[in-house]
Amino acid sequence: MASTEQLTFAIETFKRIHPVEFQRRFLSQDTRHDGRAFLQFRATHVVKGTIGTAQGSATVRIGNTTVVCGIKAEVSEPDVNTPDQGYLATNVDLSPICSANYRPGAPGDEAQVDSEHIFRLFGEVVDLKQLCIENDQAVWSLSADIVCLKSDGNVLDAAIIALMAAVEDLKLPQASLDPATGVVSADKAIETQLTLRKRLFPATFSLVDDAYLVADADDAEERLTTATLLVVLDDQGHLANVWKRGAGTIDRPTIARCIAEAKNRQNVVSSALE
């Protein structure tokens, strides 16, 4: 009779040699390789204020996936077309540190696309007029660096939640412009937080092996994913964004099912952000 060690070795060997068949064996039995139900998300943990040198920061863990976000604030001149608005820039960093799937050097396509999508999402969250110090003279420029420390699937959800938490953690010193010298001074003893237009709650669903719909796919499942659907709700439960990626087909009833499941996920993420 095989020992526990021998059985474990055999399972791990089969997983490495036949990863697709390994996943199919579980999915065909209406379960997943980590024991979760198809539409079950992994535990989500949020800690705010994790970077002491940043004006706002947070660390998010979804299962083994870990993302940290830090926001730095600098004074700059406003755009001539929007003299009463500041800036918010987002940058997603996916490096070999978090996964061997990524290469060193310039940001890859996934990081650039994620950065742009997050930037557009948060254009509805942050009122850039709150970043104005002096109309047509000086504004706050916020740079949000979203760094993946460990990638085990569903990095985008973790990135959105991390930026949401970091923005809520953001504290800006009271700033004023001296009209005589044109110098901006900041009083760190008096700090203010932004009043956000809304909160965002992401939930990603994946079509695995072109047949099984799962929530919060891990890295092993993402390798078999043919399509993903990101559903983002706001704090009123309204649909803020739906983003489908991949060549696989996701029909309307499936999209409706994902939106319904995202509402359950909203409550969990909301509690984690508190």
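All values below were derived from every heavy atom in this structure, side-chain atoms included, with hydrogens, water molecules and symmetry-related copies excluded.
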Is any side-chain heavy atom of [X] less than 4.5 Å from a side-chain heavy atom of [Y]?
X    : Y    : answer
L131 : L194 : yes
L172 : Q193 : no
V126 : V167 : yes
V46  : I161 : yes
I250 : K244 : yes
V183 : L177 : no

Using distance only, find each side-chain donor-acceptor pair of residues 91-100 under 3.5 Å and give its atom names and separation, not counting sequence neighbours.
{"residue": "S95", "atom": "OG", "partner": "I97", "partner atom": "N", "Å": "3.2"}
{"residue": "S99", "atom": "OG", "partner": "N101", "partner atom": "N", "Å": "3.0"}
{"residue": "S99", "atom": "OG", "partner": "N101", "partner atom": "ND2", "Å": "3.2"}

Practice task
Would you mind listing the cluster partners of F119? Hydrophobic ones only (ILVMFWY), side-chain contacts under 4.5 Å, chaining allowed.
Solution key: none
Problem - Other cluster members, Y87 - Ile/Leu/Val/Met/Phe/Trp/Tyr, side-chain contacts below 4.5 Å - result: V139
Is any NZ, NE, NH1 or NH2 atom of the basic residue among [X] and [Y] found under 4.0 Å from an Asp or Glu carboxylate oxygen of the other?
X    : Y    : result
E110 : R245 : no
D235 : K198 : no
R120 : E116 : yes

Rounded distance (nearest 0.5 Å) linking atom [atom1] of [X] with atom [atom2] of [Y]:
X    : Y    : atom1 : atom2 : result
C69  : I71  : SG    : CD1   : 5.0 Å
L163 : I146 : CG    : CD1   : 4.5 Å
L27  : R25  : CG    : CZ    : 12.0 Å

Practice task
Evaluate the criterion side chain to side chain contact (heavy atoms under 4.5 Å, CB included) for residue pair L156 and I118; output intermediate values, then yes/no.
Solution key: CA-CA 9 Å; L156 184 55; I118 291 173; 4.0 Å; yes
Handout entry: Pairwise side-chain hydrogen bond (donor to acceptor under 3.5 Å, both in side chains) hits with a residue in residues 248-257, at least two apart
Key = D251-T254
Can you give each donor-acceptor pair under 3.5 Å made by side-chain atoms of residues 200-215, sequence neighbours left out, with the distance rounded to 0.1 Å?
{"residue": "T204", "atom": "OG1", "partner": "D157", "partner atom": "OD1", "Å": "2.6"}
{"residue": "D209", "atom": "OD1", "partner": "R24", "partner atom": "NH2", "Å": "3.0"}
{"residue": "D209", "atom": "OD2", "partner": "R24", "partner atom": "NE", "Å": "2.6"}
{"residue": "D210", "atom": "OD1", "partner": "T226", "partner atom": "OG1", "Å": "3.0"}

Closer than 3.5 angstrom, by distance alone: can the side chain of [X] be matched with the main-chain N or O of [Y] as a donor-acceptor pair?
X    : Y    : value
D234 : H238 : yes
T225 : E221 : yes
E222 : D219 : no
N154 : A217 : no
R32  : R36  : no
Q130 : T195 : yes

Sequence neighbours left out, what passes side chain to side chain donor-acceptor pair (under 3.5 Å) with [X]? Give chain and number order.
X    : result
T90  : none
T66  : none
S115 : none

Fill in the blank from the handout: The side chain to side chain contact (heavy atoms under 4.5 Å, CB included) partners of N241 (sequence neighbours excluded) come to H117, L121, L230, V232, W243
Practice task
Using side chain to side chain contact (heavy atoms under 4.5 Å, CB included) as the criterion, list what pairs up with E191, not counting sequence neighbours.
Solution key: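 Side chain to side chain contact (heavy atoms under 4.5 Å, CB included) check on E191 returns K171.
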Fill in the blank from the handout: Given the options D34, D218, D152, R42 meets salt bridge (Lys or Arg N to Asp or Glu O under 4.0 Å) only with D152
Atom pairs and distances, side-chain donor-acceptor, residues 51-63, under 3.5 Å, sequence neighbours left out:
{"residue": "Q55", "atom": "OE1", "partner": "A73", "partner atom": "N", "Å": "2.9"}
{"residue": "S57", "atom": "OG", "partner": "T50", "partner atom": "N", "Å": "3.0"}
{"residue": "S57", "atom": "OG", "partner": "I51", "partner atom": "N", "Å": "2.9"}
{"residue": "T59", "atom": "OG1", "partner": "T50", "partner atom": "OG1", "Å": "2.9"}
{"residue": "R61", "atom": "NH2", "partner": "G63", "partner atom": "O", "Å": "3.3"}

Please tabulate, for side-chain N and O atoms in residues 267-274, each donor-acceptor pair with protein atoms closer than 3.5 Å (sequence neighbours left out).
{"residue": "S271", "atom": "OG", "partner": "N267", "partner atom": "O", "Å": "3.1"}
{"residue": "E274", "atom": "OE2", "partner": "R199", "partner atom": "NH1", "Å": "3.0"}

